[in-house]
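These notes concern the structure reproduced below.
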Amino acid sequence: MSDEQALSKAYEPSEVESKWYKIWEERGYFHANPESGKIPYTIVIPPPNVTGILTLGHVLNNTLQDILLRFERLRGREVCWVPGTDHAGIATQAKVEAALKKEHNLTRHDMTRDEFVAKVWEWKEKYGGVIIRQLRTIGSSCDWERERFTMDPGLSKAVQEVFIRLYEKGLIYKGKRMVNWCPKLRSAISDEEVIYTEEKGKLWHFRYPYADGSGYVVVATTRPETMMGDTAVAVNPSDERYTDKIGKTVILPIMNREIPIIADEYVEKEFGTGAVKITPAHDPNDYEIGLRHNLEFINLMNEDATMNENAGPFVGLDRNKCREAVVAKMEELGMMEKIEDYTHQVGYSERGKVPVEPRLSDQWFLKMETLAKPALQAVLEGRIQFHPDRWVKTYRHWMENIKDWCISRQLWWGHRIPAYYCDKCGEVVVARETPAKCPKCGHDHFTQDPDVLDTWFSSWLWPFSVFDWPKESIELKKFFPTQTLVTGPDIIFFWVARMIMSSMEFMGDIPFKDVYFTSIIRDDKGRKMSKSLNNSPDPLDVVKEYGADALRFTIIYIAPIGQDIRYSNEKCKIGRNFATKLWNVVRFRLSQGKAPLGWPTLDGIDPKAFRPDDQWIIYELNETIKEMTTGLENFRFDEICKGIYEFIWNKFCDWYLESCKPAFNGKAENGDTIIRIFDYCLGAFLRLLHPIMPFITDELAHQMGFVAEEDSIMKAEWPKPIDDATLASFGATAAHAELTEAKCELIRAVRAMRASYNIATNSPLDIYIAPTTEEAAEFLTRDSAALKSLLSAATLTVKENCKPEGPCGTAVSTIATAYIPLAGVIDLDAEVKRLEKQEAEITKYLESIRKKLSNQNFVARAPKEIVDAEKAKITEFEEKLARVREQMKAYK
RNA sequence: GCGCGCAUAGUUCAGUUGGUUAGAACGCUAUCUUCACACGGUAGAGGUCACUGGUUCGAAUCCAGUUGCGCGCACCA
């Protein structure tokens, strides 16, 4: 930061950004003090997988959180952003297994469980949490002293405590149930981890002969490989085709086992042949029927979905190979009726990427119904608000149809289930430590349950486990409940709903007040970002090329609420160019030297010293402050980006800064005052922009001298709007702003005329302005200095009915007619054509309004102010039209 | 099957309670290297707001239906 050296023309973000992040972190600006008297504002980060690396999705998500937090920090809240990572059971275990395979050609079964878990910890310490470091490059103001990991001792303690309490309450139970089994992971998974995809398959029709030799019944199946486990054929009790068959038996081909024909309402008469083979151990619906009819459950498969000894001739075959073999065998036996093409949904394991196998196994479950009730109420009653709120419907549907949660996983990496089995009698004891003595048989040796808990069983406690629950820490007291959760709608069931349930249960309170659901980021062709398509840019490359501020600004700017985003790196030009624009505003300003220390105010400026442009920009800035504040309070992130961009670029730079140039060139009388007002605006919008673009705003605040070297914009106060009375005393009113808009219209009309005659925008001309009203005359006269500059006028005459001698160009606008003497330049025919064009436009517009007003119903029923506004337009445009026609007449 | 979105300029999108001559960015055309910025300025071209009907004095906006696309949930073997 050298004072003397001029700033380069283009902003170079990389050095600035790394410099500031380091300073902020070293000075402890991100650290939250639980003992401060300030009102807390807390966000817990959605913990990314410890194996993860930063994606654009994270950039969006974390930038949104950072914006909220930086905004609240400036507003004086005690801001606490808890970062951390998730141990991600399956993902992490798989990663380490892959590494072991690659480096040592070992599997986890080549070592003990403890050895393997030690390897995972080793991997985690060495390679884990890359994403946490990457978050710093995009400016995330996390309280790094509070970084947590879901397997930290404290959090593990919380998990154990929760399990035990729920078990003691009778909400956790163990039982043999049909679960979604992933043969790749060799573990159960929850319903939410099954992804259904449509697939083209076959529907095989098999003949099952009646035991009495009276022909056969035809059953249809999509899963021939399970037929060896059939223990019945079911028909609908009201199906007349089969009434006399119910109670008979059929011979199961291949196995030559006799199985009954039973009646069950579940069977639909219209589908297939109306007769269904029942395999209770391999299909959820068949399982239910098996229970109802007390059928035998024959498990055909091993953990890896190869066929076991119950599969007769197919022992040892993989389930896919077995399918082919069964089909071939049935053909051979003449038992194949027909084969149809059939499209159906197949459930895949989200992590294992293979079809799930419904499987009967011993698992731990959590009863959800009682937990769901208060959690649903909290959302329906609006104590927790979803943004956009349509997600309430999805949430409600899920909560009202919630099923028990299978929480056990047959993995090695994760929280062990605190259940112990007596080695002698098998008694189950759920306890905080290994029991000393069996309560039943007195035996003193126990074995802990080998299973671990679903990863989400730790993340659902995140909002309070990070504050050391079940300890009643001062942090927990201060920072819980949190304010806002920012996350993707894809984990509304996995995570959001469950956090609400656990908080209601264990904290007796909501975990957060607002949930903001982010957009999904797609590529510019609308495809999802994916590794295989290679269409997912590395955010770090983007930061390198465009800067973190530019990426942050761009991604928020293009992200509409509740809609997907189409992203391409190209778009970061929006943010980069905007940063350069800001940079150059300061370069321009610094031509006058640094500002005095402190955030500029308007205190002590004589309101009489305000030029019309000053009054206007003060008014517009005030509006922007209000919009930014309410926009942030209401999660309208794209709007606030557009708003501040519009203010800075199209209002401040395009008009206000231009109006200041005479003052900056020493050609204005009250130059110092103008610079103070300029600084007031600059100081305000740097702070308004700080939550979105933290780096460049701190850099520029220092360049300007608003803050001392050892200080930061992070410690500043969010700008407050000026009250209406004070504003009015400054002459900064809405009416004044309207007049200024009209002035801009006049200037544009003159520029357009220059353009049509190919006169350079800066070539000095003698310009005559004839205002149409006294008010306009007063205003334009008062503003003549700025006007002269904005119009590049050699001389400027502002006077009612003034007009130069000789041929001239005419620019008609609402508040004035401007004339430029154009002897020798003007082409009368062209001038008439220009005017004719304008005449046509005005005439067309007038016609449309007249039509509206001639509608009696409109005049009678529309609100008076609407009708009056239309009438006023008629007067305004008729007057304008008259001036255009008068001018035309002069040339014809 | 049930539910939820989306369809506006060549492209990507705004348009918050129905009333502005429907906006922005990128791209395009013309012009300017003028001492903040060519990552820029100035001027401009470009839209039957998917379709059909309804409500209304008035519809891009509200309602119903149609078409097309996307997503979620549940499923018939």
Side-chain angles (χ1 to χ4, degrees), chain A residues 7 9-11 196 203-205 219-223 226 233-234 266-279 283 285-286 342 344-345 388 390-391 393-394 397-398 401 489-490 492-493 520 522 524 526 546 550 554 557-568 570-571 573-591 634 636 638-639 642 645-646 650 653-654 657-658 661 664-665 748 751-756 758 760-763 792 841-842 844-846 848-849 852 855-863 865-867 869-870 873 877:
Chain A
L7 273 55
K9 273 192 179 185
Y11 171 55
Y196 289 93
L203 192 58
W204 287 274
H205 291 66
V219 295
T221 182
T222 53
R223 307 209 51 207
T226 65
V233 169
Y266 159 77
V267 181
E268 296 210 8
K269 289 188 273 187
E270 284 70 33
F271 191 87
T273 61
V276 193
K277 64 191 263 313
I278 302 298
T279 323
D283 180 277
N285 292 309
D286 293 8
Y342 187 64
H344 61 143
Q345 301 278 100
R390 64 185 148 84
W391 291 106
K393 209 164 176 174
T394 308
H397 182 260
W398 191 72
N401 296 282
D490 50 330
I492 186 167
F493 308 137
I520 293 168
R522 297 172 177 280
D524 54 354
Y546 296 96
T554 302
Y557 182 92
I558 64 174
I561 181 164
Q563 239 36 72
D564 291 357
I565 302 176
R566 292 191 184 212
Y567 172 90
S568 64
E570 267 298 281
K571 287 189 173 163
K573 285 183 182 167
I574 300 169
R576 183 202 57 184
N577 294 356
F578 186 44
T580 302
K581 194 77 178 176
L582 291 168
W583 185 254
N584 280 291
V585 170
V586 171
R587 273 189 65 207
F588 172 70
R589 168 60 185 80
L590 288 177
S591 66
N634 293 296
R636 302 303 310 233
D638 59 329
E639 269 178 22
K642 282 166 188 140
Y645 183 93
E646 156 92 13
N650 303 114
C653 292
D654 287 353
L657 185 148
E658 291 300 326
K661 280 184 174 171
F664 278 63
N665 292 332
R748 281 197 202 98
R751 285 173 181 168
M753 182 164 51
R754 277 179 186 264
S756 75
N758 268 326
T761 43
N762 63 334
S763 73
S792 301
E841 279 168 12
I842 298 172
K844 198 179 151 199
Y845 181 48
L846 276 170
S848 74
I849 299 176
K852 216 188 252 186
N855 182 342
Q856 286 310 309
N857 275 324
F858 172 72
V859 179
R861 301 198 195 193
E865 56 270 28
I866 299 285
V867 179
E870 294 298 320
K873 280 181 202 162
F877 279 82

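Chain naming here is simple, since letters A, B, ... match the order of the sequence lines and numbering starts at 1 in each.
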Inset, instruction - Confirm from the modelled atom types if A/Lys581 and B/C37 form a donor-acceptor pair under 3.5 Å, side chain to base only. - result: yes
Legend entry - Carboxylate-amine/guanidinium proximity below 4.0 Å for A/Lys661 and A/Glu658: yes
Legend entry - Gap between atoms CZ and C1', on A/Phe664 and B/A36 respectively (whole Å): 10 Å
Legend entry - Whole angstrom value for the distance that separates C1' of B/C2 from NZ of A/Lys393: 10 Å
Legend entry - Proximal nucleotide (of B/U16, B/C37, B/A25) relative to the A/Arg587 side chain: B/C37
Legend entry - Length of the OH-P vector between A/Tyr266 and B/A77, whole Å: 7 Å
Inset, instruction - Taking atom C1' in both B/U8 and B/G47, compute the distance separating them and give it to the nearest angstrom. - result: 7 Å
Inset, instruction - Consider the side chain of A/Lys642, meaning its heavy atoms from C-beta on, and name the nucleotide among B/C73, B/C37, B/A14 that approaches it most closely. - result: B/A14
Legend entry - Gap between atoms CG and C1', on A/Leu657 and B/C35 respectively (whole Å): 13 Å
Inset, instruction - Taking only the side-chain nitrogens and oxygens of A/Arg751, find out if one of them lies under 4.0 Å from OP1 or OP2 of B/C32. - result: no
Legend entry - Upstream residue (5' side of RNA chain B) when A/Ile574 and A/Ile561 are each assigned their closest nucleotide: A/Ile561
Legend entry - Secondary structure of RNA chain B in dot-bracket form (Watson-Crick or G-U wobble, distances below 3.5 Å, | marking inter-strand pairs): (((((((..((((.....[...)))).(((((.......))))).....(((((..]....))))))))))))....
Inset, instruction - Answer with base, sugar-phosphate or nothing: what part of the nucleic acid does A/Arg576 contact at a heavy-atom distance below 4.0 Å? - result: base
Inset, instruction - Would you mind reading off the distance between A/Arg566 atom CZ and B/C13 atom C1', rounded to a whole angstrom? - result: 10 Å
Inset, instruction - Side chain of A/Thr221 only, please: which of B/A36, B/C13, B/A77 is the nearest? - result: B/A77
Inset, instruction - Using the ring of A/Tyr546 (Phe, Tyr or Trp, six-membered ring only), decide whether A/Lys573 places NZ or CZ under 6.0 Å from its centre and within 45 degrees of its axis. - result: no
Inset, instruction - Just call it for A/Lys571: base, sugar-phosphate, or nothing, with non-hydrogen atoms closer than 4.0 Å on any strand. - result: sugar-phosphate
Legend entry - Non-hydrogen side-chain atoms of A/Arg589 and A/Phe664 separated by less than 4.5 Å: yes
Legend entry - Heavy-atom donor-acceptor pair, A/Asp283 side chain to A/Thr279 backbone, under 3.5 Å: no
Legend entry - Nearest to side-chain heavy atoms of A/Glu639, which nucleotide of B/U42, B/C39, B/G15: B/G15
Legend entry - A/Trp583 CH2 - B/C37 P separation (whole Å): 14 Å
Inset, instruction - For A/Pro863, report the nucleic acid contact type (base, sugar-phosphate, nothing); a contact means any heavy atom under 4.0 Å. - result: base
Inset, instruction - Whole angstrom is fine here: how far is it from CG in A/Asn650 over to C1' in B/G40? - result: 13 Å
Inset, instruction - For the residue pair A/Phe578 and A/Tyr645, categorise the inter-ring angle as parallel (less than 30°), tilted (30 to 60°) or perpendicular (more than 60°). - result: tilted
Inset, instruction - Tell me which of A/Ala10 and A/Pro560 sits closer to the 5' end of RNA chain B, going by the nucleotide each one is nearest to. - result: A/Pro560
Inset, instruction - State which of B/A77, B/U16, B/A43 makes the closest approach to the side chain of A/Val276. - result: B/A77
Inset, instruction - Choose from B/A43, B/C37, B/G19 the nucleotide whose nearest atom is closest to any side-chain atom of A/Lys9. - result: B/C37
Legend entry - Minimum-distance nucleotide to A/Glu658 side chain [options: B/C37, B/C39, B/U42]: B/C37
Legend entry - Closest to side chain of A/Arg522, choosing from B/C73, B/U12, B/C71: B/C71
Legend entry - Flag side-chain contact, heavy atom, 4.5 Å: A/Ile558 against A/Ile574: yes
Inset, instruction - Could you work out which one of B/C6, B/G15, B/C4 sits closest to the side chain of A/Gln563? - result: B/C6
Inset, instruction - Just compare B/C37, B/U42, B/G19 and give me whichever is closest to any side-chain atom of A/Phe858. - result: B/G19
Legend entry - Sugar-phosphate only, base, or nothing, as touched by A/Val267 at under 4.0 Å among non-hydrogen atoms: base
Legend entry - Note: A/Lys873-A/Glu870 ion pair, threshold 4.0 Å (strictly below): yes
Inset, instruction - Check whether any side-chain nitrogen or oxygen of A/Asn401 sits under 4.0 Å from OP1 or OP2 of B/A74, and answer yes or no. - result: no
Legend entry - Nearest-Å distance for atom pair CZ/C1', residues A/Phe578 and B/G40: 15 Å
Inset, instruction - Could you label the plane-to-plane angle of the A/Phe271 and A/Tyr342 rings as parallel, tilted or perpendicular, counting under 30° as parallel and over 60° as perpendicular? - result: perpendicular
